[in-house]
Amino acid sequence: MKAPIRVAVTGAAGQIGYSLLFRIASGEMLGKDQPVILQMLELPMEKAQAALKGVMMELEDCAFPLLAGMVGTDDPMVAFKDADVALLVGARPRGPGMERKDLLLENAKIFTVQGKALNAVASRDVKVLVVGNPANTNAYIAMKSAPDLNPKNFTAMLRLDHNRALSQLAGKTGKPVGDIRRLIVWGNHSPTMYPDYRFATIDGASVKDAIADEAWNKDVFIPKVGKRGAAIIEARGLSSAASAANAAIDHIRDWLLGSNGEWVTMGVPSDGSYGIPEGVMYGFPVVTRDGRYDIVQGLDIDAFSRERMDFTLAELEEERAGVADLLQ
Ligand SMILES: NC(=O)c1ccc[n+]([C@@H]2O[C@H](COP(=O)([O-])OP(=O)(O)OC[C@H]3O[C@@H](n4cnc5c(N)ncnc54)[C@H](O)[C@@H]3O)[C@@H](O)[C@H]2O)c1
Ligand SMILES: O=C(O)C[C@H](O)C(=O)O
């Protein structure tokens, strides 16, 4: 039997938490032979703590053989103690008519507190995924608030955008979604993101050549993927939850267990690749293996792509400037 992995989940009694925890406990994230200990954080309000208690009762009632322990708490120092993986989900979601960056000042404070707590008590190799919006800038804040941890271990979720783009391409080409490789979503988890299928293949053949429709790319595909979160809110009255939880599982599974040479999109602190200034938390194509990721190198950036990549970068730099005071 393997030693259990400690997985901290914040916002555990929220919508995404409810779609996420049961799948983690059943082994879908870290493997069917990997025991886990769930360390769940919720707000110190009576209602949130009661809801968390209910979720823990349900987890218990599933009798998951891989669930080796549970902690429910309102204290980040308890939730992150020795955590190997931290899924930072807890934050306010946007409602209809809002942009994710409208949440910035309200949610940003959460990530300074949690970054500091991770810095103090988490495993020195903790792998952090920020889901709470605006995800890239919150991940940047958490990273900067945890100076003793490896900055490369802080990531933001763009996997939902990546998965959304895959499904749009499958629909357009009529091919199975699982056959599409080498897709990228550059930049911010916001409508400025740049989903890029110039290098994508299906069964080895070029997706771009198969579609051969630049107008569809610019006028349908890019805006549709970028605005999908808003479309879900419009339809459901609530922001995406099951698909977000699914993407979080995909992100952590691939990071820890490897992407088998395939490209996946992760929001990671830039190392300067593709002219993106160092430290900016930016969506890049990466290949993952054994708990590490490498940004795919050497891709040609044409003028249209450069413009899109710089546009989403400018938004991230603006968001970063907006929280500079919090990081002093
Ligand atoms: N990156 C992505 O692709 C993506 C996708 C979907 C949603 N999101 C974001 O994820 C976040 C959560 O969404 P949701 O639908 O689960 O929201 P929700 O309101 O249903 O749940 C959030 C939970 O977090 C808790 N919480 C708030 N502040 C907390 C804190 N400081 N510590 C611990 N818990 C805290 C709340 O009590 C609540 O239970 C939102 O910011 C949403 O916009 C991101
Ligand atoms: O759009 C939102 O606010 C929620 C989430 O970021 C999403 O993309 O579904």
Side-chain angles (χ1 to χ4, degrees), residues 8-21 39-55 72-80 86-118 129-139 141-142 155-165 185 187-193 195 224-252 265-267 281 283:
V9 178
T10 74
Q15 291 201 86
I16 297 176
Y18 199 68
S19 295
L20 182 62
L21 292 163
Q39 305 188 161
M40 294 165 277
L41 182 70
E42 257 300 339
L43 287 173
M45 277 82 163
E46 206 177 314
K47 203 167 159 209
Q49 287 299 312
L52 177 56
K53 203 172 196 180
V55 171
T73 179
D74 61 8
D75 182 352
M77 298 290 268
V78 174
F80 296 144
L87 296 164
L88 307 190
V89 179
R92 197 189 139 193
R94 66 173 164 155
M98 291 171 78
E99 279 308 336
R100 297 183 189 93
K101 62 184 166 194
D102 297 336
L103 300 168
L104 191 55
L105 287 180
E106 192 172 334
N107 283 344
K109 289 180 216 121
I110 297 174
F111 295 87
T112 51
V113 171
Q114 295 186 356
K116 284 180 187 164
L118 284 162
L129 169 63
V130 176
V131 175
N133 278 318
N136 297 54
T137 296
N138 289 338
I141 293 169
T155 65
M157 191 161 94
L158 276 97
R159 187 61 176 263
L160 179 53
D161 311 299
H162 184 103
N163 290 346
R164 287 168 171 165
V185 182
N188 198 6
H189 174 62
S190 88
T192 66
M193 72 180 79
K224 192 160 192 180
V225 175
K227 293 182 188 156
R228 186 70 164 185
I232 306 270
I233 292 170
E234 182 68 31
R236 249 170 54 86
L238 287 169
S239 73
S240 64
S243 56
N246 180 66
I249 285 172
D250 284 349
H251 178 117
I252 295 288
T265 300
M266 287 170 67
M281 196 63 72

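Whatever order the structure lists ligands and atoms in, that order sets their numbers, starting from 1.
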What residue and atom, counting heavy atoms only, is the protein's closest point to [atom], and at what distance?
| atom | result |
| --- | --- |
| atom 15 (O) of ligand 1 | Q15 NE2, 2.8 Å |
| atom 7 (C) of ligand 2 | R164 NH2, 3.4 Å |
| atom 21 (O) of ligand 1 | G14 CA, 3.2 Å |
| atom 2 (C) of ligand 1 | H189 NE2, 3.2 Å |
| atom 42 (C) of ligand 1 | N133 ND2, 3.6 Å |
| atom 6 (O) of ligand 2 | H189 NE2, 2.6 Å |
| atom 10 (O) of ligand 1 | I16 CD1, 3.5 Å |
| atom 44 (C) of ligand 1 | V131 O, 2.8 Å |

[X] side-chain N/O to [Y] backbone N/O, donor-acceptor pair under 3.5 Å:
| X | Y | answer |
| --- | --- | --- |
| N136 | M281 | yes |
| R228 | A231 | no |
| T265 | V185 | yes |
| E42 | A13 | yes |
| T73 | L41 | no |
| N107 | R92 | yes |
| Q15 | S239 | yes |
| Q39 | V9 | no |
| D74 | L43 | no |
| D102 | R94 | no |

Numbering the atoms of ligand 2 from 1, which are under 4.0 Å from a heavy atom of [X]?
| X | value |
| --- | --- |
| G229 | 1 (O), 7 (C), 8 (O), 9 (O) |
| R100 | 1 (O), 2 (C), 3 (O), 5 (C), 6 (O), 7 (C), 8 (O) |
| S239 | 4 (C) |
| R94 | 1 (O), 2 (C), 3 (O) |

Has ligand 1 got any nitrogen or oxygen that is less than 3.5 angstrom from a nitrogen or oxygen of [X]?
| X | value |
| --- | --- |
| E42 | yes |
| V130 | no |
| R92 | yes |

Relative to the heavy atoms of [X], which atoms of ligand 1 are at a distance of less than 4.0 Å?
| X | answer |
| --- | --- |
| P93 | 17 (O), 19 (O), 40 (C), 41 (O), 42 (C), 43 (O) |
| A244 | 5 (C), 6 (C) |
| G11 | 23 (C), 24 (O), 25 (C), 33 (C), 34 (N) |
| V89 | 10 (O), 11 (C), 12 (C) |
| A91 | 11 (C), 12 (C), 22 (C), 24 (O), 27 (C), 40 (C), 41 (O) |
| I110 | 28 (N), 31 (N) |
| S239 | 15 (O) |

key: L158 side, atom CG; M266 side, atom CE - distance, nearest 0.5 Å   =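 Output value for this atom pair is 10.5 Å.
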ask   = Roughly how far, to the nearest 0.5 Å, is CG of L87 from CD1 of I252?
value =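 Answer rounded to 0.5 Å: 5.0 Å.
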message = Looking only at distances, can you tell me whether any N or O atom of D161, backbone or side chain, sits closer than 3.5 Å to an N or O atom of ligand 2?
response = no
ask   = Hey, is Q114 one of the residues with a heavy atom under 4.0 angstrom from ligand 1?
value = yes
message = Any atom of ligand 1 sitting under 4.0 Å from a heavy atom of S240?
response =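 Yes, S240 has a heavy atom closer than 4.0 Å to ligand 1.
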query = For P134, which of N188, I141, L104 qualifies under side-chain contact (heavy atoms from CB on, under 4.5 Å)?
reply = L104
Ligand 2 contact on N133 by region, counting heavy-atom pairs under 4.0 Å =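 Only the side chain of N133 comes within reach of ligand 2.
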query = Using heavy atoms and a threshold below 4.0 Å, how should the contact between L160 and ligand 1 be classified: side chain, backbone, both, or neither?
reply = side chain
message = Any heavy-atom pair between the side chains of S240 and R164 that's under 4.5 Å?
response =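 In contact.
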key: Close side-chain approach of N133 to E99, heavy-atom, < 4.5 Å   =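 Of all side-chain heavy-atom pairs linking E99 with N133, none is under 4.5 Å.
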Option set L88, L43, V9, L20, criterion heavy-atom distance to atom 27 (C) of ligand 1, minimum =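 Among L88, L43, V9, L20, the closest heavy atom to atom 27 (C) of ligand 1 belongs to L43.
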